[in-house]
Enquirer: 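Mind looking over this structure? Questions follow.
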Protein chains: 2
Amino acid sequence: MQNLSLTLKKSGYKLTTPRNILLKVLKKINKPMTLNEIHSECSTIDFASVYRSIKLFNEIGLVEEVNFADKKIRYELSNNSHHHHLLCSKCGEIKELPVCILSEIEKLTNYTITKHTFEFMGICPNCKK
Amino acid sequence: MQNLSLTLKKSGYKLTTPRNILLKVLKKINKPMTLNEIHSECSTIDFASVYRSIKLFNEIGLVEEVNFADKKIRYELSNNSHHHHLLCSKCGEIKELPVCILSEIEKLTNYTITKHTFEFMGICPNCKK
DNA sequence: CTGGTTGCAAACTCTTTGCAATCCT
DNA sequence: AGGATTGCAAAGAGTTTGCAACCAG
């Protein structure tokens, strides 16, 4: 929390009450969430403010976008470990996947990769029972 | 072309002039295209018809969705080889990437993967010069 | 104080649908 | 002929912005 608000201030932005609440929500849930999901966790804040704050957080690297094949953009707090996700299309649970083959792709193709989507939807072991 | 219209008819749908034109466009370009890009290649067809036809093509498996991190949904003709893409954010060229680690992910996680996004954006070797 | 930020409302853009006319088979 | 399909227009949904009031530093 401390470091989150610090990042914000260091980037030259104010730590306002709405932003503080947003950071708490993101920290509490700690899974990729859509703007609507975030907003429903703190509906006292106007949607436009949620929108602008999350957009700002994304710009200064506090949160990251996650793009599943369902086309809903989700956001989660950046943590230091690069990872991707598995979304169960039955129960909706999102699990982290500590695998990425970015550097292999770069070597293979000679591209400099700036963005990538590497997310999976499926049925989790539990829902298969 | 022949097999494309056959798939359509076999699925119980009519091969109309607009659909025929669409199939030609998809075949000619043969890269993932947004609905707008497709429509601009055949602007005599109403956008709503492009939308509905591509949606239908997708449902019967004639085309597949491609989701890059730029959040624009693109479509391309399904071909028998499963592949993913590299989009150069400078020149816009899209290249195929014949790599996928789907089965590895399934083994690793015990999920049954139903959808996945596995697309890359970056700078291509040519644009780096 | 003072410029950044918020909430409200409205504008935009993109996606989707209803319906009468038209087209395949 | 008759149901599927099209084009037009408009409805929906989600995203983005202008602006006056407000607040953190």
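Quick note on labels: first sequence line is chain A, next is B, and so on, each numbered from 1. What you see below is based on every heavy atom in this structure, not just the backbone, and it leaves out hydrogens, waters and symmetry mates.
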Enquirer: Rounding to an integer number of Å, can you tell me how far B:Asp46 CG sits from C:dT17 C1'?
Expert: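 The distance from CG of B:Asp46 to C1' of C:dT17 comes to 12 Å, rounded to the nearest Å.
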Enquirer: Would you mind reading off the distance between A:Ile45 atom CD1 and C:dC8 atom P, rounded to a whole angstrom?
Expert: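 Nearest whole value for this atom pair: 12 Å.
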Enquirer: Whole Å only: how far is the CZ atom of A:Arg19 from the P atom of C:dG7?
Expert: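 Going from A:Arg19 (CZ) to C:dG7 (P), I get 11 Å.
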Enquirer: Can you check the A:Leu6 CG to D:dA24 C1' distance for me, whole Å?
Expert: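 In whole Å, D:dA24 C1' and A:Leu6 CG are 16 Å from each other.
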Enquirer: Any side-chain heavy-atom pair from A:Lys72 and A:Asn36 closer than 4.5 angstrom?
Expert: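 No, too far: nothing below the 4.5 Å cut-off.
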Enquirer: In B/S/- notation, 5' to 3', how is nucleotides 20-25 of chain C contacted by protein heavy atoms closer than 4.0 Å?
Expert: ----BS
Enquirer: Name the residue closer to the 5' end of DNA chain C, choosing between B:Leu35 and A:Thr44 according to the nucleotide with the nearest heavy atom.
Expert: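 So the residue in question is A:Thr44.
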Enquirer: Just so I know, are the side chains of B:Asn126 and B:Cys91 near enough to count as touching, which here means a heavy-atom distance under 4.5 Å?
Expert: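 B:Asn126 vs B:Cys91: side chains apart.
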Enquirer: Check whether any side-chain heavy atom of A:Thr109 lies under 4.5 Å from a side-chain heavy atom of B:Phe120, and answer yes or no.
Expert: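 They are not in contact (no side-chain heavy atoms under 4.5 Å apart), so the answer is no.
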Enquirer: Just do the salt bridge (charged side-chain N to carboxylate O under 4.0 Å, His left out) check on A:Lys115 and A:Glu65 with the steps written out, would you?
Expert: CA-CA 10 Å; A:Lys115 284 186 175 191; A:Glu65 278 186 24; 5.4 Å; no
Enquirer: Would one find a side-chain N or O of B:Tyr51 under 4.0 angstrom from OP1 or OP2 of C:dT15?
Expert: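 For C:dT15, OP1/OP2 do not have a side-chain N/O of B:Tyr51 under 4.0 Å.
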Enquirer: To the nearest 0.5 Å, what is the distance between CD on B:Glu96 and NE2 on B:His84?
Expert: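 One gets 11.0 Å once the value is rounded to the nearest 0.5 Å.
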Enquirer: Are the side chains of B:Ile29 and B:Glu37 in touch, meaning some heavy atoms are under 4.5 Å apart?
Expert: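 A side-chain contact is absent here, since even the closest heavy-atom pair is not under 4.5 Å.
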Enquirer: Given atom CZ of B:Phe47 and atom C1' of C:dT17, what is their separation to the nearest angstrom?
Expert: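 B:Phe47 atom CZ is separated from C:dT17 atom C1' by 13 Å.
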Enquirer: Take B:His116 and B:His82 through the ring-ring contact (aromatic ring centres under 6.0 Å, His included) test and state the conclusion after the steps.
Expert: CA-CA 12 Å; B:His116 61 296; B:His82 181 66; 5.2 Å; yes
Enquirer: Roughly, in whole Å, what's the span from NZ in A:Lys10 to C1' in D:dG25?
Expert: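 My rounded result for the distance is 18 Å.
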Enquirer: For A:Ser81 and A:Asn79, does a side-chain donor sit closer than 3.5 Å to a side-chain acceptor?
Expert: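 Their side chains do contain a donor-acceptor pair, which is all the 3.5 Å distance test asks for.
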Enquirer: Does B:Ile73 offer a backbone N or O that forms a donor-acceptor pair with the side chain of B:Thr34 under 3.5 Å?
Expert: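 No, B:Thr34 side chain to B:Ile73 backbone: no donor-acceptor pair under 3.5 Å.
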Enquirer: Nearest whole angstrom, please: distance from the P of C:dT15 to the CZ of B:Arg74.
Expert: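 Checked: the CZ to P distance equals 12 Å.
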Enquirer: A:Ile73 has an atom CD1; how far is it from atom C1' of C:dT15, in whole Å?
Expert: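 A:Ile73 atom CD1 is separated from C:dT15 atom C1' by 14 Å.
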Enquirer: Of all of residues 52-71 of chain A, which get a heavy atom below 4.0 angstrom from DNA chain C, listed by number?
Expert: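 DNA chain C contact set from residues 52-71 of chain A: A:Arg52, A:Ser53.
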